[in-house]
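Data first, discussion second: the structure below is written as structure tokens.
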Amino acid sequence: MKTHELRERLRTFPRFPLLRDATPLHPLENLSGELGVDLRVKRDDLTGLAAGGNKTRKLEYLIGRAQAEGADTVLTAGWYHSNHALQTAAAAARAGLECILYLKAGDPRKGSLFLDALCGAQVRLFDVPGSGALGPEMERGAEALRREGRKPYVIPVGGSDPVGSLGYVEGALEMREQCDETGWEPDLVVCPTSSGGTHAGLLAGIPALFPRTRVLGIGVGDDPGEVREKVGHLRDALGELLSLPPLDDRTLDEAFCFDYGFGAYGTLAGPVMDLIREVGSREGFFLDPVYTGKAFYGLLDRIRRGIVPLASRVLFLHTGGLSGLFQYEEEVHRHLAGTD
Ligand SMILES: Cc1ncc(COP(=O)(O)O)c(C=O)c1O
């Protein structure tokens with residue numbers, strides 16, 4: 001499909017601009033040399049909204065829809081380290097909307113939770129095992145606002161509904177334009193996958209624009225069956241919204257790897273924390289322990305084991321998470337100092 005055709009289809013959806021410029025796509029020269037592949041990183045940790053991250057692209061469409069529906073308040077939910085919640089707070093601030101966050105309780109003096117408050121969000125903390133339990137709380141909150149005559153817009157955990165996932169079809173378009181400029185084209189695009197919207201958006205945009213490129217989402221500890229099902233549904237919905245051909249089951253099955261979850265979502269893993277330091281000291285950017293650290297660890301392991309062939313051109317999507325790294329700075333520091 002031609003870039004402009006897909007762009008025209010995306011233009012039919014309301015969008016609130018949050019990203020002013022394309023994020024960098026640059027080679028990782030030190031790691032590429034050692035690994036024998038051409039590894040590049042798409043720096044969506046540098047989107048320019050709050051501490052950056054993949055949610056910026058989703059929120060362009062989610063806030064656009066909220067505005068089109070006349071909303072005055074946005075609500076969303078997640079863990080205390082949630083980059084999504086922070087980005088939502090920042091996007092709402094830019095759009096002049098109120099923001100209420102329903103979060104699993106954590107230390108409000110640190111990381112994302114500290115920054116949420118600086119973006120003016122109302123933060124409601126709940127002592128729950130995971131973010132799943134927060135959906136009903138958020139719905140009750142939205143209902144109470146409606147009774148007061150307000151107009152709430154509820155954004156699901158991770159911003160992963162079909163509207164939010166449009167952001168990564170847009171992300172694929174940006175990659176296409178950057179690759180056209182440089183003449184470089186990836187054989188493989190890799191991202192972390194959790195609530196699924198980023199992965200689903202790429203699975204819609206990449207096959208349309210890069211017919212020979214594979215997409216691989218690396219799970220970060222969520223239930224594999226649930227992630228697979230969610231990404232599949234979101235990809236189907238995007239296909240309908242944008243009139244794209246469906247993905248066959250084999251392509252979809254091959255688009256997941258769940259070997260690097262290290263137990264469960266949110267569990268910190270020693271090898272991932274070691275890699276965060278290695279990448280910082282060899283390539284000068286930061287991974288986070290919940291998403292990008294696990295996914296990048298998985299990618300490097302697959303390259304070292306030959307699952308990704310030598311000389312492959314690989315694009316790793318950096319989805320952000322810096323504020324999450326600061327949520328866990330003590331744990332990471334203790335591990336690296338050998339005192340855990
Ligand atoms: C930093 C970061 N990376 C990756 C993801 C996963 O993206 P998705 O939820 O679209 O699967 C998230 C989701 O919250 C995130 O905050």
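All ligand and atom numbering here is 1-based and tracks the order in the structure. Side chains included, hydrogens not; waters and symmetry mates left out as well; all remaining heavy atoms used.
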Mind checking whether K55 contacts ligand 1 via backbone (N, CA, C, O), side chain (CB onward), both or neither, at a 4.0 Å heavy-atom cut-off? side chain
Please determine if R15 and E60 form a salt bridge, counting it only when a charged side-chain N lies under 4.0 Å from a carboxylate O. yes
Please determine if D288 has a nitrogen or oxygen closer than 3.5 Å to a nitrogen or oxygen of ligand 1. no
Check if Q87 has a non-hydrogen atom at a distance under 4.0 Å from any atom of ligand 1. no
Between D116 and Y80, does any side-chain donor sit less than 3.5 Å from a side-chain acceptor? no
Answer yes when E254 and R250 have at least one side-chain N-carboxylate O distance shorter than 4.0 Å, and no when they do not. yes
Fit a plane to each ring of F126 and Y102, take the angle between them on a 0 to 90° scale, and name the class: parallel (under 30°), tilted (30 to 60°) or perpendicular (over 60°). parallel
One pair to check against side chain to side chain contact (heavy atoms under 4.5 Å, CB included): R235 and H199. What are the steps and the verdict? CA-CA 9 Å; R235 171 59 182 80; H199 192 193; over 6 Å; no
Ignoring angles and geometry beyond distance, decide whether S195 reaches within less than 3.5 Å of ligand 1 through its nitrogen or oxygen atoms. yes
Output the list of atoms in ligand 1 that are nearer than 4.0 Å to some heavy atom of G320, sorted by atom number. 1 (C)
With a cut-off of 4.0 Å, which atoms of ligand 1 are near a heavy atom of G321? 1 (C)
Check this for me - ligand 1, Y291, N or O atoms closer than 3.5 angstrom, yes or no? yes
Short N-O contact, E8 and R11, less than 4.0 angstrom: yes
Quick one: sort the H318 and F316 rings into parallel, tilted or perpendicular, breaks at 30° and 60°. perpendicular
Close approach of T193 to ligand 1, heavy atoms, under 4.0 angstrom: yes
Ignoring hydrogens, just give me the one of T319, D45, N54 whose non-hydrogen atom is nearest atom 6 (C) of ligand 1. N54
For ligand 1, which atoms sit closer than 4.0 Å to a heavy atom of S160? 10 (O)
Show me which atoms of ligand 1 lie under 4.0 Å from any heavy atom of T198. 7 (O), 8 (P), 10 (O)
For Y61 together with F16, are the ring centres under 6.0 Å from each other? no
Atoms in ligand 1 with a heavy atom of K58 nearer than 4.0 Å: 8 (P), 9 (O), 10 (O)
Sub-4.0 Å atoms of ligand 1 with respect to non-hydrogen atoms of N83: 1 (C), 16 (O)
Donor-acceptor pair, S312 side chain versus V308 backbone, under 3.5 Å? no
Measuring from non-hydrogen atoms of G196 to any atom of ligand 1, is the shortest distance under 4.0 Å? yes
